[in-house]
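Only one structure is covered here, and it is reproduced in the block below.
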Amino acid sequence: MLSRTAVLKIASRSISTSVPSNQIIKLSRLRVVDNSEIGKKAMLEGKPPRCIHVYNKTGVGYIGDRILVAIKGEKKKGILVGLKQKQNPKVPKFDSNNLVLIDDNGTPLGTRIHVPIPHILRTLLKEKTHSKGADYTKLLAIASRFV
């Protein structure tokens, strides 16, 4: 007969006590919210893209950050347009981590964004748009609804 402490030790092996993380770090699962072909196929197959790299100094993704994702065996870049983590005041919190796929010069791969995106993204992406670099104004143009 096992003692009570032995039973508790065995039972606690299968219980995870770590706190779930709601921030975008490496290997975070994301949801593609545009109508790009590769995004639709990945979401229908139940294999959502995973974050490989966050293009900022901290390595933690926030709204408007560019990230590198692995989707259907390919590497694609994307912009975060909605996060589950706690946000600043007047920035909405979403139920899932939303992503819009882009190519290298900032042009979106899809032609429509299905979910509302935060209004603050308008100011964030206009600051990051450069004359010679990436152009994020096309991403704002295909967004139909702002929150």
Side-chain angles (χ1 to χ4, degrees), residues 8-147:
L8 286 175
K9 284 182 183 178
I10 293 171
S12 68
R13 286 184 194 161
S14 62
I15 298 171
S16 174
T17 58
S18 63
V19 178
S21 175
N22 286 334
Q23 53 193 359
I24 302 298
I25 54 174
K26 287 185 181 179
L27 298 181
S28 295
R29 288 188 183 129
L30 303 157
R31 188 179 114 189
V32 179
V33 294
D34 60 358
N35 63 346
S36 58
E37 287 297 320
I38 191 167
K40 283 195 285 189
K41 286 180 184 176
M43 297 308 287
L44 283 175
E45 290 177 5
K47 296 183 179 179
R50 287 183 173 256
C51 176
I52 297 175
H53 182 72
V54 180
Y55 292 106
N56 64 15
K57 293 179 183 177
T58 61
V60 177
Y62 299 104
I63 283 188
D65 282 348
R66 282 188 335 141
I67 62 171
L68 184 67
V69 296
I71 180 168
K72 292 191 63 65
E74 297 180 28
K75 291 181 189 176
K76 295 286 182 185
K77 291 183 181 172
I79 293 185
L80 296 171
V81 294
L83 300 179
K84 286 166 74 171
Q85 70 189 28
K86 188 172 185 236
Q87 299 294 326
N88 294 333
K90 298 184 181 178
V91 179
K93 180 179 173 182
F94 288 82
D95 291 339
S96 61
N97 295 320
N98 298 336
L99 168 80
V100 174
L101 295 174
I102 59 172
D103 59 5
D104 289 335
N105 57 357
T107 306
L109 296 181
T111 57
R112 180 176 294 151
I113 298 176
H114 299 300
V115 298
I117 63 173
H119 196 271
I120 196 157
L121 201 62
R122 206 181 275 255
T123 56
L124 290 174
L125 292 182
K126 283 188 179 177
E127 291 171 4
K128 294 180 181 180
T129 297
H130 304 295
S131 59
K132 294 182 181 178
D135 183 23
Y136 298 123
T137 54
K138 293 177 185 175
L139 185 127
L140 296 171
I142 67 169
S144 57
R145 294 173 291 184
F146 289 92
V147 177

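Computed from a predicted structure; not experimentally measured.
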How about CD1 on Ile120, more than 12 heavy atoms from neighbouring residues, nucleotides or ligands closer than 6.0 Å, or not?
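No - once you tally the heavy atoms of other residues, nucleotides and ligands closer than 6.0 Å, there are 12 at most.
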Check whether more than 12 heavy atoms from other residues, nucleotides or ligands sit under 6.0 Å from atom CZ of Arg112, and answer yes or no.
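Counting other residues, nucleotides and ligands, CZ of Arg112 stays at 12 neighbours or fewer.
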Nearest heavy-atom neighbours spanning [X] and [Y]:
X	Y	result
Asp65	Tyr62	OD2-N, 2.9 Å
Val69	Pro49	CB-CB, 4.2 Å
Pro118	Ile63	CG-CD1, 3.8 Å

So, taking the atom named [atom1] in [X] and the one named [atom2] in [Y], what distance separates them when rounded to the nearest 0.5 Å?
X	Y	atom1	atom2	value
Ile117	Ile79	CD1	CD1	9.5 Å
Cys51	Leu80	SG	CG	7.5 Å
Asn98	His114	CG	NE2	11.5 Å
Glu74	Ile38	CD	CD1	4.0 Å
Ile67	Leu101	CD1	CG	9.0 Å
Thr123	Leu121	OG1	CG	8.0 Å

Determine yes or no for a side-chain-to-main-chain donor-acceptor pair under 3.5 angstrom, with Arg66 supplying the side chain and Asn56 the backbone.
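Checked: no pair found.
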With distance as the sole test, does Asn97 use its side chain to make a donor-acceptor pair with the main-chain N or O of Lys84 at under 3.5 Å?
yes
Ile142 side chain reached by Thr111 side chain, heavy atoms, under 4.5 Å
no
Got Pro48 and Met43 here, is their nearest side-chain heavy-atom distance under 4.5 Å?
yes
Pairs touching residues 23-34 that satisfy salt bridge (Lys or Arg N to Asp or Glu O under 4.0 Å), sequence neighbours left out
none
Could you go step by step and tell me if Leu83 and Phe94 meet the side chain to side chain contact (heavy atoms under 4.5 Å, CB included) rule?
CA-CA 5 Å; Leu83 300 179; Phe94 288 82; 6.0 Å; no
Determine, step by step, whether Ile25 and Val54 satisfy the side chain to side chain contact (heavy atoms under 4.5 Å, CB included) criterion, reporting the C-alpha distance in whole Å, the side-chain angles of both residues, the deciding distance to 0.1 Å, and the verdict.
CA-CA 7 Å; Ile25 54 174; Val54 180; over 6 Å; no
Can you name the side-chain contact (heavy atoms from CB on, under 4.5 Å) partners of Leu68, sequence neighbours left out?
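Result, side-chain contact (heavy atoms from CB on, under 4.5 Å) vs Leu68: Ile52, His53, Tyr55, Lys75, Lys77.
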For Lys40, which residues count as a side-chain contact (heavy atoms from CB on, under 4.5 Å) partner, sequence neighbours excluded?
Glu37
Using side chain to side chain contact (heavy atoms under 4.5 Å, CB included), reason through Ile71 and Val32 one step at a time and then give a plain yes or no.
CA-CA 10 Å; Ile71 180 168; Val32 179; 4.2 Å; yes
Does the side chain to side chain contact (heavy atoms under 4.5 Å, CB included) test come out yes or no for Val81 and Ile113, once each step is laid out?
CA-CA 10 Å; Val81 294; Ile113 298 176; 5.5 Å; no
